[in-house]
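Here is the naming used below: chain letters follow the sequence lines, and residue numbers restart at 1 for every chain.
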Amino acid sequence: MAHKKNRNVAIIGVGQTKHSSHREDVNQPEMIHEAVSAALKDANLSIKDIDCIVHGNMELFEMIHQPDLWHVLGTGAYGKDSIRITTGGTVGTTLACASDNLVASGMYDIVMAIGFEKLQEGHTTGGITNMADPLWFRNLQTGALTGSTAYDVIQEFGEDRAKRAAMMYRIVMDKHACLNPNAHRAFGLDFDQVETLMNTSPQLVGELRLIHMCSQSDGACAVIFACEKKAKELSKKPVWIRDHITIHREETFNIFGYHKDFPVLKTHKFAAEQLFKRNDIKNPLEYFDVFEMYDPAAWWGLDWLRDFFFLKGDEHLRLVENKEIMIGGSMPINPSGGVIATNPIGATALLRVAEAALQVRGDAGAHQIPKEVKHALASGFGGTMWTVLMMLEKELSW
Amino acid sequence: MLLKGCLHTHTTCSDGTLTPQQVALRYEEKGYDFIAFTDHDYLLKPGYDEIYSNVKSNMIIFAGIEMTVFLKGYIHVNRIFGDNQLLHIFNHLPEYDLDIEQIMDRLYDLQNMFTIDAMEITSKGFKVKRFDEMTFPHPSIVSDDAHTAIGIGRAWIELDAKRDKDSILKAIKHGDFWNCYC
C-alpha cells in the first residue's frame, strides 16, 4: 500500500510563466510573481489563503544567496511561514514532495510551492563544475552533459538504430513543445529532418549533440497543495497525490570509474520498483495514462523509459520508433515538450508535476492528450544522481 | 546615402521566434535600411532560402547563415551573401568565455578557413566594455543577434554607401561604418 498519510492532499492550483532563454522583461521577483498570480487565479484564491510558501531553486545558479528572502514581494511570503529547499535538479519535485508532506502532516492546510530559475543571470556551468573536486574528495559529478548513455545505447542497439531513435525522441519532444505556448524552445522540427540533424547538429560529447540537449531557460512555476477538506471545498477538479518517493543510492554517488555491475544511473529503476510495488502496480505502462519525465537530453529520455516502465530488450526503442510516446500514443511522454524544450532548473521538476496535474484535470489546452487521464506520473532527476517520482490521481479511490 | 542596418538576426528558419516576414517588419518599423537573416546552419529548415526570398520589405534583405565551426570548441561565423561580395564575421566574441589571447588564437585558425572581414563585439545586442575598447585586426561590428521581438533594435550599424548589397558589404570590409547602441 501507499505510504501512510495523516490526511489526503490534492493539487488545487497551477501557474507558470512563459519560459524563455532570456526573460529580460522581468526581474526575479516579477517573474516569480507571474507564476504565483497564475496559480492563485487558477485556484480562485488570494495570497491570504496560503498558509506557507515552499521556495526553491538551484543553489548559487544566479550567484545569489537566500533568494527566498529577497523574493518575498514576488512570492507573497511576507509575514508567512516559509521554507527554502535546494536539492539540485530534483528541487522542483522535492518542493512538491515537501508541500505534500507539510499538508499531509496537518501542519498547514494550504501550501504553495514555488520553483524558479533565471539562468541568464548566473554561471550555471561554474556552479555545476565546482561540485566535483577530487582534492577535497568530492568525487561526484552533477550536470547532464555526458555522452556515456549515447555510447551505451549505440553499443547495445547499433549506431544507426540508436541514433535514429534518439533523434526521433528529440523531434517528438519538439512537436509537443510546439503545442505548448509556455515552452521555451519549439523549433518546428519534423521527422524528415532525422538524418540531417543526426549529422549536422554540433557534437557536445561523443554522440550527444546540441539538438539532443536541454535548454538553459528563465521561468517559474507555482503549485498550490491543499488538504482533502479544503480541496473538496475549493476545487472542482482536485488532483490527488497518491504517493511519492525519493531515491539516492551510495553506488551512484561516485561515478569516476564505471563498472558494468554497478551502473550509475539506476536510481530511476530503484525508485520505480519501490513506488509501484507498494502501490500494487504490476504494469506501469498499462496503468499510467501520461508521464511527465525529467529528461535532460534525448539519449537519457530514450534510455530511461526502460528503467521507469520495467521494459525489456528493445521495447523502449520501439515505443519511440512507433511514436507511442506522442500525444495520442499509448504512453504519451512529456506532452508539454519536457525538459529538453524548457529548463528553468529550479522550476523544471515542479513543471513536471504541474503539467501532469493539468493533464489529469483535462486543462492542458493544445497539448492535452486525447484520452481521459486518470493516472499520471511525474519525475525529477538531478542533484547528486537521485530520482524523485510522484503519482497523481483523478479519483481519491486507491 | 546614410543607411542603418543589422547583419545578424534569427528567424523561425532556425531558433528564432518570429518568421522572416515578422522580423523584417519589426526592423523596418524601426527605420532600418538593411538586415541579414543569419539562421544557424544545423537548424536550418528545408526551403529556408525560398522563404527568405519571399519576404516583402522595402529594406535590402541579405541572405546569410550562421556557421558552427569547431576550433577547440564551437565558434560561430556569419557568412553574408551580397550580389558579388561575400562577408564573414567572427560572431559574438564576448560569449565564448575566452580571453583575448585565446580569441586571437581562434581568429588565426579561422583565417585559414575563411576571409574574416569583421569581429562582432556585442552579446545579444549589448555593449561589452572589454571588447568595445579593444582594437582588432578587423573592424569591430555590433549587432542584435536577435532571436525574439524584444531583442530587435538594441545595436545597429550606420554607414554612408549606395543603396545596394555590394556597396554595403564593401563599406563594412573597409570599416567605413559606425557602431550604434540604443
Side-chain angles (χ1 to χ4, degrees), chain A residues 18-26 31 119-129 145 167 170-171 174 177-178 180-206 208-218 337 340-342, chain B residues 9-23 39-49 51 65-77 79 91-92 94-98 106 122-128 144-155 181-182:
Chain A
K18 165 67 186 167
H19 307 285
S20 165
S21 62
H22 294 69
R23 281 299 309 269
E24 293 160 354
D25 52 327
V26 286
M31 187 181 76
L119 289 174
Q120 64 146 323
E121 294 182 359
H123 190 344
T124 312
T125 304
I128 286 175
T129 52
L145 208 63
M167 201 57 76
R170 177 65 188 90
I171 292 171
D174 190 68
C178 285
N180 178 2
N182 291 317
H184 166 186
R185 296 194 306 173
F187 295 134
L189 303 178
D190 220 332
F191 291 114
D192 62 7
Q193 288 177 270
V194 165
E195 279 190 26
T196 311
L197 291 169
M198 277 164 56
N199 296 316
T200 61
S201 181
Q203 286 178 281
L204 299 177
V205 184
L208 178 71
R209 290 173 181 268
L210 189 58
I211 194 70
H212 293 128
M213 200 61 216
C214 61
S215 59
Q216 280 199 163
S217 312
D218 288 357
I340 301 172
T342 306
Chain B
T9 193
H10 295 269
T11 77
T12 47
C13 285
S14 66
D15 60 349
T17 58
L18 302 177
T19 64
Q21 184 63 63
Q22 289 170 323
V23 168
D39 281 303
H40 297 282
D41 52 0
Y42 64 94
L43 281 172
L44 275 176
K45 297 282 188 323
Y48 71 94
D49 43 358
I51 298 170
I65 189 166
E66 185 165 17
M67 299 183 293
T68 313
V69 182
F70 190 81
L71 281 175
K72 302 171 190 168
Y74 289 103
I75 299 291
H76 286 182
V77 176
R79 173 177 284 169
N91 281 349
H92 44 66
E95 294 186 7
Y96 300 116
D97 202 16
L98 299 176
R106 304 301 190 278
T122 36
S123 172
K124 304 277 187 297
F126 291 110
K127 180 188 278 191
V128 179
D144 293 333
D145 190 7
H147 288 69
T148 59
I150 198 173
I152 290 175
R154 287 176 181 160
Y181 299 92
C182 68

* To do: Drop me the distance from A/Ile211's CD1 to B/Asp15's CG, to the nearest 0.5 angstrom.
  => 9.0 Å
* Asked: Where on A/Gln203 is there a heavy atom nearer than 4.5 Å to chain B: the side chain, the backbone, both, or neither?
  -> both
* **Engaged part of A/Asp25 at the chain B interface, taking heavy atoms whose separation is under 4.5 Å** => both
* Do you see a donor-acceptor pair shorter than 3.5 Å between the side chains of B/Ser14 and B/His40? -> no
* Structure fact -> Max heavy-atom pairs within cutoff under 4.5 Å with chain A, candidates B/Asp97, B/Leu43, B/Leu44, goes to B/Leu43
* Salt-bridge criterion met for B/Lys124 and B/Glu95 (N-O under 4.0 Å) -> yes
* Asked: Judged by modelled atom types alone, do B/Asp145 and B/His10 share a side-chain donor-acceptor pair under 3.5 Å?
  -> yes
